[in-house]
Peer 1: 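Structure provided below as structure tokens; questions to follow.
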Amino acid sequence: MKHYIDFIYSKDIEKSTIYPYLKCNTLEAKILQYMAEALLGSNDEFNVLNLLGNIFKAKQIDLLQYLPNIKNLLELGWVIQSGFVSARVNEIVILEILNINIALSPSFLKLLEDGTLNLELPEISPYDDHLEYLKDQFLRIDLLQKIGYSFQKVSPTSLSRTKQRIKLLEDRILSRLKITKIPIRVEMLIKENSLNTKEEIIFFALLKEEYSGSDESLRDMNSLIDLVSENEYDRIKNRTLLDEKSTLIEKNLIDYDEMLNPFGGISRTFFIPEEVLQTIVHPNRKKKKTKITLQSLVKEQEIFEILDPKISLDEIILFPKTKETLNALLRQVDAKVIARLREWGIKEKGKGIDAKIIFYGPPGTGKTLTALGIAKSLKKSVISFDCSKILSMYVGESEKNVRKIFDGYKDIAQKFKNNPILLLDEADQFLSTRVNSGSGVEKMHNQMQNIFLEQIEKFEGILIATTNLLETIDVAFSRRFNYKIEFKKPSIEQRILLWKKYLPKNAQYHKSCSIEMLASELATYPLSGGQILLVIKNTAYKVATRTQAIFDKEDFIEEIKKEQSGNFDGEKNVGFQS
């Protein structure tokens, strides 16, 4: 505390050790001296009028001449306003200062303690591990945070001092890295991805949050942008550092969650993905080599389901015209046809089978099953995304998670030799006509659809979207699909075939019944294929509980009536899968 004692007891204040750092006149230094000495009496807050009266022993009217000195001390950052609300220094009117309360700033107290403004750094030595390196980088973020706060509330002089400390620290980090023999994984990560200084700062700020386990301080966009901005123009310009096309996000070094805020807008919270974090926290951990399978790739994505095609298109009961259209489609996406189109210059070389298809029609008419039948015929797998869940799963996630569907598929297609078919099941809300009500939710929904439209345009591979009503589809979406295939409820002839196909062959029937007779009679009820299968399953469960497990026509009729009345309590099946 020698510098503090030296300052408060100096008769010639200009000779005190800290005076050269103050950059103020002797009268202002005398005010600081009085306030510093008062700390011994537990006095740390002063009303300006009373303070000047105690120091200069003059009439109140004469004290006005010292107000510019108080303002200068505020601008230099040696004193601060007390209280819950403080105005910006450059906005304060001189006469306002007369009745405010002030206190010595932490910067001045630190100067009294250390006797210098310079950052005293330890001797330059190599980093022993990545934690030592991160400790320096996190100190750098702490100092940058002070500037982010300061550039609104503290003087240019105080800003300059903090910037000087940051420069000293950054030079020290570089000097230590030059003599460090061990590899620092996080530093390698920055160089591998060619991050610039601002991107590097944002990355370290989020890494600091991950290490501290914080969920608030530096995770929102404004806080991160403040770290790398010196003025409002910088703030606007630097927002591109965190948009969809930014290096940090495109290279998956950082990611974000989105949520609707109370004002109808969308706010983002940024974080470092677990995979990146693990390479930094455990740099020497070796990754296990695993065989790449479709199952493992789909598991990584966490949004798709693999559907197993069990029957070919030939085995599915459909309207003849629908079957004819599908067979024509299969011929057009045949590998030999694709090769011929490439040879003629109609199709680009290097591109594989490419088709965007809409299946539309009432539930239970075989849309999903037909998608599986096409996959079976083409010897491809199917990965499915249930679009009916998109709003419940991703409220507030906007375009990010729509892109996630297509980015996820693209990643799988690049790693898995035989590109699977992408099935977007129940895609009504993606394809429906856009609305302009102006509400936050509708804006988010339209934004989601716009991104969906963009991704459909760029899609390479086979995509099948199923929907119940073609009439509600936006024209812009309709144009992006090569094929639009209608699925109707089965005719009586097709219902007979469906009943015959799915009635249990090994079951025992009442002597008055046979599969042929049952199929003909039950087919008079106008059910879809999915409903027929559902009725058969639920009838079988009921009959199986009896001592005499014998099927009767009335058992099926009872379940049909439940289904038709809407009281049937069972699982909804789309298609005719067994």
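All of these numbers come straight from a predicted model, not from anything done at the bench. Worth knowing before you read on, the calculation uses all heavy atoms, side chains too, and leaves out hydrogens, waters and symmetry mates.
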Peer 1: Under 6.0 Å between ring centres, would you say that holds for F385 and Y409?
Peer 2: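 No - the distance between ring centres of F385 and Y409 does not fall below the 6.0 Å cut-off.
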
Peer 1: Quick check on K511: does its NZ atom have over 12 non-hydrogen neighbours (other residues, nucleotides or ligands) under 6.0 Å away?
Peer 2: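 No - once you tally the heavy atoms of other residues, nucleotides and ligands closer than 6.0 Å, there are 12 at most.
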
Peer 1: Taking K553 for the side chain and L518 for the main chain, is one N or O donor matched with an acceptor at less than 3.5 Å?
Peer 2: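 Judged by distance alone, no pair lies under 3.5 Å.
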
Peer 1: Only counting residues at least two apart or in another chain, list the ones meeting side chain to side chain contact (heavy atoms under 4.5 Å, CB included) with K251.
Peer 2: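 Per chain and number, K251 pairs via side chain to side chain contact (heavy atoms under 4.5 Å, CB included) with N193, T247, L253.
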
Peer 1: Between I462 and L378, does a side chain to side chain contact (heavy atoms under 4.5 Å, CB included) hold up when you go through it step by step?
Peer 2: CA-CA 11 Å; I462 298 179; L378 293 172; 3.6 Å; yes

Peer 1: Using every non-hydrogen atom in the two residues, find where L527 and P490 come nearest and quote the distance to one decimal.
Peer 2: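 Minimum heavy-atom separation between L527 and P490: O-CG, 3.6 Å.
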
Peer 1: Is it true that the side chains of E493 and S491 contain a donor and an acceptor less than 3.5 Å apart?
Peer 2: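 Yes.
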
Peer 1: Using a strict 4.0 Å threshold on nitrogen-to-oxygen distance, state whether D555 and R546 make a salt bridge.
Peer 2: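 Salt bridge flag = yes for R546 with D555.
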
Peer 1: Got more than 12 heavy atoms from elsewhere within 6.0 Å of NZ, K356?
Peer 2: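 Yes - once you tally the heavy atoms of other residues, nucleotides and ligands closer than 6.0 Å, there are more than 12.
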
Peer 1: I need the full list of ring pair (Phe, Tyr, Trp, His ring centres under 6.0 Å) pairs touching residues 532-554, with sequence neighbours left out, sorted by first then second residue.
Peer 2: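 Passing the test, one end in residues 532-554: Y509-F551, F551-F556.
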
Peer 1: With a cut-off of 6.0 Å (strictly less than), are more than 12 heavy atoms of other residues, nucleotides or ligands near CD of E486?
Peer 2: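 Result for CD/E486: enclosed.
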
Peer 1: Given side chains that start at C-beta, do those of T370 and I464 come closer than 4.5 Å, heavy atoms only?
Peer 2: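 Not touching, per the 4.5 Å side-chain cut-off.
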
Peer 1: Determine, stepwise, if the pair L207 / F204 fulfils side chain to side chain contact (heavy atoms under 4.5 Å, CB included).
Peer 2: CA-CA 5 Å; L207 190 59; F204 279 119; 4.2 Å; yes

Peer 1: Would you call D234 and K237 a salt bridge, using N to O less than 4.0 angstrom?
Peer 2: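 Looking at D234 and K237, the cut-off is met.
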
Peer 1: Grab the two heavy atoms, one from L330 and one from S377, that are nearest each other, plus how far apart they are.
Peer 2: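 Distance-wise, the nearest heavy atoms are CD1-CB, 3.9 Å.
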
Peer 1: Before you tell me yes or no, could you show the steps for K310 and L372 under side chain to side chain contact (heavy atoms under 4.5 Å, CB included), namely the whole-Å CA-CA distance, both residues' side-chain angles and the distance that decides it to 0.1 Å?
Peer 2: CA-CA 8 Å; K310 293 179 180 177; L372 294 173; over 6 Å; no

Peer 1: Taking 4.0 angstrom as the limit, do E324 and K321 come out as a salt bridge?
Peer 2: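 Salt bridge between E324 and K321, a charged N being under 4.0 Å from a carboxylate O: no.
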
Peer 1: Give me the atom names and distance for the closest heavy-atom approach of H130 to Y211.
Peer 2: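 Residues H130 and Y211, closest heavy atoms: NE2-OH, 3.5 Å.
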
Peer 1: Using a strict threshold of under 4.0 Å (side-chain N to carboxylate O), is an ion pair present between R219 and E210?
Peer 2: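 Yes, charged N to carboxylate O under 4.0 Å.
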
Peer 1: Output, in order, the C-alpha distance, side-chain angles, deciding distance and verdict of side chain to side chain contact (heavy atoms under 4.5 Å, CB included) for I249 and I254.
Peer 2: CA-CA 5 Å; I249 290 178; I254 69 172; 3.9 Å; yes

Peer 1: Side chains of V535 and L522: does their closest heavy-atom pair fall under 4.5 Å?
Peer 2: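 The answer is no; the side chains never approach within 4.5 Å.
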
Peer 1: Is the closest side-chain heavy-atom distance between T322 and T325 below 4.5 Å?
Peer 2: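 A side-chain contact under 4.5 Å is absent here.
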
Peer 1: Look at R239 together with D243 and state whether they make a salt bridge at an N to O cut-off of under 4.0 Å.
Peer 2: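 Salt bridge absent between R239 and D243.
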
Peer 1: Sequence neighbours left out, what passes side chain to side chain contact (heavy atoms under 4.5 Å, CB included) with A205? Give chain and number order.
Peer 2: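 Side chain to side chain contact (heavy atoms under 4.5 Å, CB included) list for A205, sorted by chain: I141, L218, L224, L227.
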
Peer 1: Indicate yes or no: does E559 engage K562 in a salt bridge with an N to O separation below 4.0 Å.
Peer 2: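 So E559 pairs with K562 through a salt bridge.
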
Peer 1: Might you point out which heavy atoms bring Y525 and R495 nearest each other, and give the distance in Å?
Peer 2: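 For Y525 versus R495, the nearest heavy atoms are O-NE, 3.2 Å.
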
Peer 1: For K198, does the NZ atom sit with more than 12 other heavy atoms under 6.0 Å from it, leaving out its own atoms?
Peer 2: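 Enclosed: over 12 neighbouring heavy atoms sit under 6.0 Å from NZ of K198.
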
Peer 1: Using a 6.0 Å cut-off, check whether atom NZ of K542 has over 12 heavy atoms from anything other than its own residue.
Peer 2: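 More than 12 heavy atoms, drawn from other residues, nucleotides or ligands, come within 6.0 Å of this atom.
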
Peer 1: Of the non-hydrogen atoms in L313 and N327, which two are nearest, and what is the gap between them?
Peer 2: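 Smallest interatomic distance, heavy atoms only, reads CD2-OD1, 3.9 Å.
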
Peer 1: Are any side-chain N or O atoms of Q414 and backbone N or O atoms of D411, one a donor and one an acceptor, separated by less than 3.5 Å?
Peer 2: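 Between the backbone of D411 and the side chain of Q414 there is no qualifying donor-acceptor contact (under 3.5 Å).
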
